[in-house]
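Here is the structure we will look at, set down as structure tokens.
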Number of protein chains: 2
Amino acid sequence: MTTNRQEPNLGILLFVAYRALERRAHDALVAAGITDITLAQARIAARIGPHGTRVSELAEQARVTKQSAGFLVEQLEATGYVERVPDPADRRARLVRLTARADKVVKTANSEVDRVLAEWAEHVGPDRLRQVYETLLDLREITDPWR
Amino acid sequence: MTTNRQEPNLGILLFVAYRALERRAHDALVAAGITDITLAQARIAARIGPHGTRVSELAEQARVTKQSAGFLVEQLEATGYVERVPDPADRRARLVRLTARADKVVKTANSEVDRVLAEWAEHVGPDRLRQVYETLLDLREITDPWR
DNA sequence: TGCGATAGACAGATTATCTGTCTAATCTGG
DNA sequence: CCAGATTAGACAGATAATCTGTCTATCGCA
């Protein structure tokens, strides 16, 4: 429970903006005929780096337990959007990587995000939007335990 | 799926900040011995206005279906944190209101939020934090379909 | 080498969420 | 002022997402 004030607090504003962006990206996938990826799966997939990412790290970034992340990765693997390969650096670990099949998805989502950000920039001004980005980036140093 | 870039995109930054705030508030409740409110319940409860709010409106604000909101309100009612009273303005509707029992919860959560915001202000500067707030407030006009 | 920490799989339970349907009440255009 | 469309929210049922706890293999360090 963050608060029950009437004038919206920062938490709610962050939430509204985040959900709007996420929703638009996911809706764009559906509009493009990609209906076999859920929002929760997308949240995980969006955090996979270009060289693959460990399940543990995905879990941390998405703020879910390793178990939840593993569960979602399993589904993404079943639909062919990711693959798991051994991590050469650590034989306990496996790297989750996007497959070629994910290309269209990533492209569709990214271009929708770009479109949304353009709308936002038009509404509040590019400079103000960039200020938000930069401030949140600095804020991440204290809000994001990992990096 | 928002994107898979390495340099964090705005969506992830919004998410990280939002979750950090929410997590801190919820942890403060647990630390204060309030362990019978889940994060999802708190998300709903935080949107209840001082004069009561309809389930439909809570659902819209929290971006869940009426059914989900109704389910969570039911749980909050069972633990005594909210009550449902008839809406004098519309006999179909019922207003969800916080009870006296919720006072401590609201107070605890709010003061933790204030503490977090103070930390954030110290880290990036009060002016920059306020700029984020104001920009997100303006952004809400296009990201929040309702008001 | 030996012990604590980490990666992630497995099992099981719980919580949250959705779609679809239904009734009662309200709103609105003719 | 009434008929049809809309809205509030309950009910039923299914699914999705998430958690706690446990286990094995591996790693890293003192």
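Chain A is the first sequence line, chain B the second, and so forth, proteins listed ahead of strands; every chain is numbered from 1. Computed from a predicted structure; not experimentally measured. Because only heavy atoms are used, hydrogens play no part in the values below, and waters and symmetry mates are left out as well, while side chains stay in.
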Open item on the list: I need the CG-P distance between D36(B) and dT15(C), as an integer number of Å.
Closed with: 12 Å
Task: SB check R19(A) D144(B) (cutoff 4.0 Å) - done: no
Open item on the list: What does the B/S/- profile of nucleotides 19-27 of chain D look like, 5' to 3', with a 4.0 Å heavy-atom cutoff to protein?
Closed with: BBB---BBS
Task: Flag for N9(B)-Y133(A): side-chain donor and acceptor within less than 3.5 Å - done: no
Open item on the list: Checking one residue: V85(A). Which other hydrophobic residues are in its cluster under the side-chain 4.5 Å linking rule?
Closed with: L95(A)
Task: Face-on cation placement of R47(A) at F15(B) ring, 6.0 Å and 45° thresholds - done: yes
Open item on the list: Heavy-atom nearest nucleotide on DNA chain D for A40(A) versus E57(B): which residue maps closer to 5'?
Closed with: E57(B)
- [ ] Would you kindly give the CZ-to-C1' distance between R54(A) and dA5(C), to the nearest whole Å?
- [x] 13 Å
Task: Interatomic distance, F71(A) CZ vs dG12(C) P [rounded to whole Å] - done: 15 Å
Task: salt bridge (charged side-chain N to carboxylate O under 4.0 Å, His left out) partners of R91(A), counting only residues at least two apart - done: none
TODO: Look at S56(A) and dG8(C) and indicate whether a side-chain polar atom (N or O) is within less than 4.0 Å of OP1 or OP2.
DONE: yes
TODO: Measure the distance from CZ on R43(B) to P on dA17(D) and round it to the nearest whole Å.
DONE: 14 Å
TODO: May I have the distance from Q75(A) (atom CD) to dA16(D) (atom C1'), rounded to whole angstrom?
DONE: 8 Å
- [ ] Kindly give the heavy-atom pair with the smallest separation between E22(A) and Y18(A), and that separation in Å.
- [x] OE2-OH, 2.6 Å
Task: N or O in side chain of R84(B) less than 4.0 angstrom from dA10(D) OP1/OP2 - done: yes
- [ ] Rounded to the nearest angstrom, tell me the gap between atom CD1 in I44(B) and atom C1' in dA16(C).
- [x] 11 Å
Open item on the list: Under 3.5 Å for both pairing distances: what stems, at least three Watson-Crick or G-U pairs long, include DNA chain D?
Closed with: C:1-30 with D:1-30
- [ ] Hydrophobic side-chain clustering at under 4.5 Å (ILVMFWY, transitive links): who's grouped with V30(A)? Put none if nobody.
- [x] none
Task: Nearest-Å distance for atom pair CD/P, residues E74(B) and dA10(D) - done: 8 Å
Task: salt bridge (Lys or Arg N to Asp or Glu O under 4.0 Å) contacts touching residues 123-133 of chain A (sequence neighbours left out) - done: R128(A)-D138(B)
Open item on the list: I need the H26(A) NE2 to T35(A) OG1 distance, nearest 0.5 Å.
Closed with: 9.0 Å
Open item on the list: Expressed as a whole number of angstroms, how long is the span from D87(B):CG to dA8(D):P?
Closed with: 10 Å
Task: 5′-ward residue of the pair L72(A)/G70(B) relative to DNA chain D - done: G70(B)
